[in-house]
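Worth knowing before you read on, the calculation uses all heavy atoms, side chains too, and leaves out hydrogens, waters and symmetry mates.
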Amino acid sequence: MTDRPTVIADHSWKLPKPMRADLNNGLQILTFDYPGQHIVAADLVIDLPLNVEPTTCEGIAELVADTLVEGTRSHMEDSFAQAVSDIGAELDARAGLQSSHLSMDVPASYLGQALSLMAEVVMEPTLADQDLLRAKSLRLAHIEQEYANPSSRAAIEFRKLCIGEDFRAARPNGGNQASVEKITPQAARAFHQDWYAPARATLVLAGDFASDPMQAAFEAFDTWASAALPLERQHPQGRPPSALFIPRPGSVQAEVRMGCFSIDRNSPDYVALQIGCQVLGGSFMSRLNSVLREELGYTYGAGLTLQPMRSGGLLVMQSSFRTEVAVAAIEKTREILDIATNDFTDDEISAAISQIKGSFPIALATADQLVGFTATLVSNGLDLDYPDRYLEAISQVSAEAASAAVRKYLSPDSLSLAVVGAEELTEPLAQAGWELSQQNF
């Protein structure tokens, strides 16, 4: 019989350090040499928080991103897609709450050509009327689908419950039906002209480079000369706790979101709170999943996540429950989240720390993953030493610190609730003490 392998203690892991350069136009370049990764990953991060959107045209950043890759003045119409395909690349653009991104994967030998195409996209996109109007039509259809899907609808409404209505973060990144309807092709082109600028851009590259990536980036982007407009960032604040019920006739299960406004990565309590959330709902054997799924059979799964933004964040319990047990499940969830008389144990904290630390190297095993993670750091204004400090801080979290953080930020009287489910849940929810407002599904 073969002996069982010895399990060794986890070793110290650090994020690889990139080479840095700045072009004269302000573009920052970060390159990670990653041996064996012959598909190079690239992400051009544009510092473009959604609060710069006109309030009447929310969703314009996403519409512009959706249309950027349709063509450039040097590669009109289908010739751009053909040029990308000819080098075996994949190109994608998207807009997030803090930044817009242009991402590409390409074989290392074609990196120079790929970066030239990326530069065309941000410097000279056609943003043609027909492409923008088609993207707008697709976006409107997607919004309709989001509001018709119970899970998406619960998530949308939960954000509104937790974040002050004056802040852009309270509303969907892609806008709503009314705001997207107002976006014109002229407005989209003006938005790109105003806000896409090299001084607010960072290019992140990782892979086993076949040639000098810095030189390739310089040749592609050095002529980008758009001026950067000044911007002001919002710092969202939370709202008082409240509860919303959206009746959906005939539903056999209820979509539930419970939680509150919370903290970002810069808070001194962030790491302890994340460990506490991991114990409560971050793994299969977490307290929430063990009780709600394994013991009571109320759901296929329940989790609690800490979702930090650049400023502030959300604590969200997410699950769906059978209609007949939904109210009981909601009350059991509230009971589990209230740890006032059931602090975390040393074993729970040790397991949570091991899970988070052990997942880091796995989650960054490819060039694409490393670039995506680094882009997240850039988007949130964090320096590249943050992961090392984070992992060190994770190792120091005690059961007492994690318990105190959860009691501080996840108290029972801080919880907001959003439920999409069958009409017959209205009265039992009210009887359970939730003061409900209602919306039509």
Q) What's the shortest heavy-atom distance between Asp66 and Ala93, and which atoms? A) OD1-O, 4.4 Å
Q) Can you tell if the side chain of Leu288 reaches within under 4.5 Å of the side chain of Leu337, non-hydrogen atoms only? A) yes
Q: Identify the two heavy atoms, one from Ala405 and one from Asp269, that lie closest to each other, and give their separation to 0.1 Å.
A: CB-O, 4.4 Å
(Q) Which heavy atom of Ala272 sits nearest to which heavy atom of Ala401, and what is that distance? (A) CB-O, 3.8 Å
Q. Going by heavy atoms in the side chains, are Arg257 and Ser151 under 4.5 Å from each other?
A. yes
Q) Can you check side chain to side chain contact (heavy atoms under 4.5 Å, CB included) on Ser242 and Ser416, steps first, answer last? A) CA-CA 5 Å; Ser242 59; Ser416 288; 4.3 Å; yes
Q | Nearest atoms (heavy-atom pairs only) where Ala154 meets Ala418 | A | O-CB, 4.0 Å
(Q) Which residues pass the salt bridge (charged side-chain N to carboxylate O under 4.0 Å, His left out) test with Arg171, not counting sequence neighbours? (A) Glu58
(Q) Side chains of Tyr147 and Glu157, heavy atoms from C-beta outward: is any pair under 4.5 Å? (A) yes
**Q.** From CG (Leu391) to CD1 (Ile353), nearest 0.5 Å
**A.** 11.0 Å
Q.
If we ignore hydrogens and angles and just use 3.5 Å, is the side chain of Ser286 paired with the main-chain N or O of Ser283 as donor and acceptor?
A. yes
Q) Taking all atoms of both residues into account, what is the closest heavy-atom pair of Ser320 and Glu255, and its distance? A) CB-OE2, 3.5 Å
Q: Output yes when a side-chain donor or acceptor of Ser354 lies under 3.5 Å from a complementary backbone atom of Ala351, and no otherwise.
A: no
(Q) Return the CG to CG distance between Leu203 and Leu27, rounded to the nearest 0.5 Å. (A) 6.0 Å
Q: Flag yes if more than 12 heavy atoms outside Asp383 fall under 6.0 Å of its CG atom; otherwise flag no.
A: yes
Q.
Other residues, nucleotides and ligands only: do more than 12 of their heavy atoms fall within 6.0 Å of CD on Gln439?
A. yes
Q.
Would the distance check show the side chain of Ser437 and the main-chain N or O of Phe245 forming a donor-acceptor pair, the cut-off being under 3.5 Å?
A. no
Q) Do Leu273 and Leu315 come close enough that some side-chain heavy atom pair is under 4.5 Å? A) yes
Q: Say whether Glu392 and Gln396, considering side chains only, have a donor N or O and an acceptor N or O under 3.5 Å apart.
A: yes
Q. Do Thr376 and Leu382 come close enough that some side-chain heavy atom pair is under 4.5 Å?
A. no
Q) Donor-acceptor pair, His192 side chain versus Ala65 backbone, under 3.5 Å? A) no
Q: With sequence neighbours excluded, give me every salt bridge (charged side-chain N to carboxylate O under 4.0 Å, His left out) pair touching residues 287-302.
A: Arg287-Glu348
Q) Just how far is it from atom CZ of Phe360 to atom OH of Tyr390, taken to the nearest 0.5 Å? A) 5.5 Å
Q: Before giving the answer on side chain to side chain contact (heavy atoms under 4.5 Å, CB included), spell out for Arg94 and Ser103 the whole-Å C-alpha distance, their side-chain angles and the decisive distance to 0.1 Å.
A: CA-CA 9 Å; Arg94 65 195 184 281; Ser103 303; 2.8 Å; yes
Q: Please tell me if the side chains of Pro125 and Tyr196 come closer than 4.5 Å, counting only heavy atoms from C-beta onward.
A: no
**Q.** Check: Arg233 main-chain N/O paired with Asn51 side-chain donor or acceptor under 3.5 Å
**A.** no
Q) Does Thr323 use its side chain to pair, donor to acceptor, with the backbone of Ser251 at less than 3.5 Å? A) yes
Q: Assess the side chains of Arg159 and Gln307: does a donor N or O sit below 3.5 Å from an acceptor N or O?
A: no
Q. For the side chain of Asn380 and the backbone of Arg310, is there at least one donor-acceptor N/O pair under 3.5 Å apart?
A. yes
(Q) For the backbone of Pro247 and the side chain of Gln438, can you confirm whether one donor and one acceptor N or O come within less than 3.5 Å of each other? (A) no
**Q.** Gap between atom CZ of Phe209 and atom CZ of Phe32 - 0.5 Å precision
**A.** 9.5 Å
Q. Between Glu331 and Trp434, does a side-chain hydrogen bond (donor to acceptor under 3.5 Å, both in side chains) hold up when you go through it step by step?
A. CA-CA 10 Å; Glu331 292 312 292; Trp434 296 100; 2.9 Å; yes
Q. Given the rule in the side chain to side chain contact (heavy atoms under 4.5 Å, CB included) test, do Gln237 and Phe167 qualify, once you have shown the distances and angles that lead to the verdict?
A. CA-CA 8 Å; Gln237 300 296 316; Phe167 298 102; 3.9 Å; yes
Q: Count the heavy atoms of every other residue, nucleotide or ligand shown that sit under 6.0 Å from NZ of Lys332, and state whether that count exceeds 12.
A: no
Q.
Any heavy-atom pair between the side chains of Thr366 and Ile39 that's under 4.5 Å?
A. no
Q: Locate the shortest heavy-atom distance separating Asn173 from Arg168; write the atom from each residue and the value.
A: O-NH2, 3.0 Å
Q) Does a salt bridge link Asp413 with Arg334, judged by any charged N lying under 4.0 Å from a carboxylate O? A) no
Q. So do Phe321 and Thr333 actually touch side chain to side chain, heavy atoms under 4.5 Å?
A. yes
Q) Glu53 side chain to Gly59 main-chain N or O, any donor-acceptor pair under 3.5 Å? A) yes
Q: Could you tell me the separation between the CG atom of Leu417 and the CG atom of Leu161, rounded to the nearest 0.5 Å?
A: 8.0 Å
Q. Near Phe218 CZ, under 6.0 Å, is it more than 12 heavy atoms from other residues, nucleotides or ligands?
A. no
Q: Answer yes if the side chains of Asp347 and Ser350 hold a donor-acceptor pair under 3.5 Å, and no otherwise.
A: no
Q.
If you count every heavy atom of other residues, nucleotides or ligands that lies below 6.0 Å from Glu144 atom CD, does the total exceed 12?
A. no
Q | Enclosure of Gln431 CD (heavy-atom neighbours >12, cutoff 6.0 Å) | A | yes
Q.
Can you tell me how far apart CD1 (Ile29) and CG (Leu44) are? Round to the nearest 0.5 Å.
A. 10.0 Å
Q: Can you spot which of Val122, Asp92, Asp43 makes a side chain to side chain contact (heavy atoms under 4.5 Å, CB included) with Leu102?
A: Val122
Q. Does Thr202 reach the main-chain N or O of Gln28 with its side chain, forming a donor-acceptor pair under 3.5 Å?
A. no
Q: For the pair Arg407 and Asp343, evaluate side chain to side chain contact (heavy atoms under 4.5 Å, CB included) and give the outcome as yes or no after the intermediate values.
A: CA-CA 9 Å; Arg407 288 195 299 270; Asp343 282 356; 2.6 Å; yes
